[in-house]
Amino acid sequence: MAKTGTTTQGLRAAIERSGYYPALVAEAVEAAVGGEPVASYLVHQETTFDSNEVRRHVTVLVLTGTRFIVSHTDEQAADTTSPAPYATTSTESVKLERISSVVLSRVVANPESYTPGSLPREAVLTIGWGAVSRIDLEPASCGDPNCEADHGYTGSTTADDLSLRVSEAGDGPDTVRQALGFAQALAEATAATVTSH
């Protein structure tokens with residue numbers, strides 16, 4: 001379930017509608033936002049199945065005039081550190097000028113009959129700001145299939161601090177539409193910070 005909007009009251013209402021520890025999630029997000037007006041937000045809850053357990057996770061993305069805020073809350077089963085189930089919540093606040101990329105990948109069914117304005121089947125929003133980088137390495141080779149020499153390694157680095165996937169089948173068309181709207185608002189905000197410096 002994802003909700004998007006533009007007011008602090010709307011953000012609180014969306015967190016409450018998600019039904020996922022709303023008092024805990026709202027307190028963490030509101031503390032991170034502080035007194036800044038909310039320009040846009042997205043609340044996305046997902047449920048995963050891990051062996052015999054059902055786990056829930058909520059991600060809240062908030063855009064203010066100067067920052068991008070991301071909050072994650074997860075529930076955990078009782079373990080050696082806690083005899084009772086517990087939840088962990090974290091927030092990160094990133095200045096808009098630090099965001100290096102906003103990537104929106106769209107999956108479209110039947111592209112030969114696509115009409116502008118149609119919703120994609122799914123969308124993946126990937127945001128990078130340099131906190132996490134991934135290095136993918138593989139052995140390098142030459143064009144000779146009989147060559148046994150060591151050519152070292154080749155690879156690439158990618159920054160993908162956050163990746164959020166929504167689909168029409170799993171989350172509904174409104175969620176896909178809301179994710180697209182948040183992605184556009186964030187992309188516009190980061191473009192505006194580049195032109196203002």
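Numbering of residues begins at 1 and proceeds along the displayed sequence.
- Using a distance-only test at 3.5 Å, with no hydrogens or angles considered, no donor-acceptor pair links the side chain of R67 to the main chain of V62.
- Side chains of V70 and V94 form no contact here, defined as non-hydrogen atoms less than 4.5 Å apart.
- Once rounded to the nearest 0.5 Å, the distance linking OG of S105 with CD of E122 reads 9.5 Å.
- Between L104 and Q184 there is no side-chain heavy-atom pair separated by less than 4.5 Å.
- Atom CD of E112 has more than 12 heavy atoms from other residues, nucleotides or ligands within 6.0 Å.
- Tracing side-chain contacts under 4.5 Å through hydrophobic residues (I, L, V, M, F, W, Y), one never reaches V166 starting from V124; they form parts of separate clusters.
- Annotation for G65 and L96: closest pair O-CD1, 3.6 Å, computed over non-hydrogen atoms.
- Note: T73 OG1 to Q45 CD = 10.5 Å, rounded to the nearest 0.5 Å.
- Expressed to the nearest 0.5 Å, how far OG1 of T66 lies from CD of E36 amounts to 3.5 Å.
- Between A109 and R121, the closest heavy-atom pair is CB-NH1, 4.1 Å.
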query: side chain to side chain contact (heavy atoms under 4.5 Å, CB included) between L42 and L164: does it pass, once the steps are laid out?
result: CA-CA 11 Å; L42 178 65; L164 186 96; 3.6 Å; yes
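- L125 and F182 get closest at one heavy-atom pair: CD2-CD2, 4.1 Å.
- Of all non-hydrogen atoms in L11 and V60, the two that sit nearest each other are CD1-CG1, 3.9 Å.
- With hydrophobic clusters built from ILVMFWY side chains whose heavy atoms lie under 4.5 angstrom apart, L162 does not share a cluster with V103.
- The structure places NE2 of H57 at 7.5 Å from OH of Y20, a figure rounded to the nearest 0.5 Å.
- For the atom pair CG (L61) and CD (Q178), the distance works out to 12.0 Å, reported to the nearest 0.5 Å.
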- request: Take I69 and Y41, measure what side chain to side chain contact (heavy atoms under 4.5 Å, CB included) needs, and give me the verdict at the end.
  value: CA-CA 9 Å; I69 297 162; Y41 62 84; over 6 Å; no
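- From T190, atom OG1 reaches atom CZ of R98 across 14.0 Å, with rounding to the nearest 0.5 Å.
- Counting non-hydrogen atoms of neighbouring residues, nucleotides and ligands closer than 6.0 angstrom, the CD atom of Q76 exceeds 12 such neighbours.
- Paired with H72 under the rule side chain to side chain donor-acceptor pair (under 3.5 Å), one option of T89, T91, T88, T59 passes, and it is T59.
- Between P120 and E168 the shortest heavy-atom distance is O-OE1, 4.3 Å.
- Between A87 and L24, the closest heavy-atom pair is CB-CD2, 3.9 Å.
- For Y21, the side-chain hydrogen bond (donor to acceptor under 3.5 Å, both in side chains) partners two or more places apart in sequence, or in a different chain, are E75.
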